[in-house]
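I have placed the structure first, in the form of structure tokens, so that the comments after it can refer back to it.
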Amino acid sequence: MAIDINNVNLGPVKGRDGHRPSADTSSNATSSKTAGAEVQVDQVDLSADAQSLQRVEKQLESQESFDQQKVEQIKQALAKGEYPIDNERLASKFFELENQLNQ
């Protein structure tokens, strides 16, 4: 199950005093003052690995999961009876699958 951390809606964030803290995007401030009370603001820093995974995920989203043209060629070849089928290889793959299922 994948969790999309970019579109998480957690609702309004409130500090200890019940007020919503103001976001300070101009600096790396970890706290701000609201009406004389200091309110803590959470900050998340993603690791280099997490950032790399996000880039890969975006690249994969933009690519097709399979080659539709190749699928159509195989369908046509099957319909015409021209697609070569290696019966021994097919049986071997079924045997491997059966062994994996029985483990």
Pair Val71-Gln73, side chain to side chain contact (heavy atoms under 4.5 Å, CB included): steps then yes or no = CA-CA 5 Å; Val71 170; Gln73 289 173 347; over 6 Å; no
Using side-chain heavy atoms (C-beta onward) and a distance below 4.5 Å, is [X] in contact with [Y]?
X: Gln68; Y: Phe66; answer: yes
X: Leu101; Y: Asn99; answer: no
X: Gln100; Y: Asn102; answer: no
X: Arg55; Y: Glu57; answer: no

Calculate, to the nearest 0.5 Å, the distance between atoms [atom1] and [atom2] belonging to [X] and [Y] respectively.
X: Ser92; Y: Asp86; atom1: OG; atom2: CG; value: 9.0 Å
X: Lys58; Y: Leu53; atom1: NZ; atom2: CG; value: 12.5 Å
X: Gln51; Y: Asp45; atom1: CD; atom2: CG; value: 8.5 Å

task = Compute whether any side-chain donor of one residue and acceptor of the other, for Gln63 and Gln59, lie under 3.5 angstrom apart.
result = no
Shared hydrophobic cluster for Phe94 and Ile85 (ILVMFWY, side-chain gaps under 4.5 Å) = yes
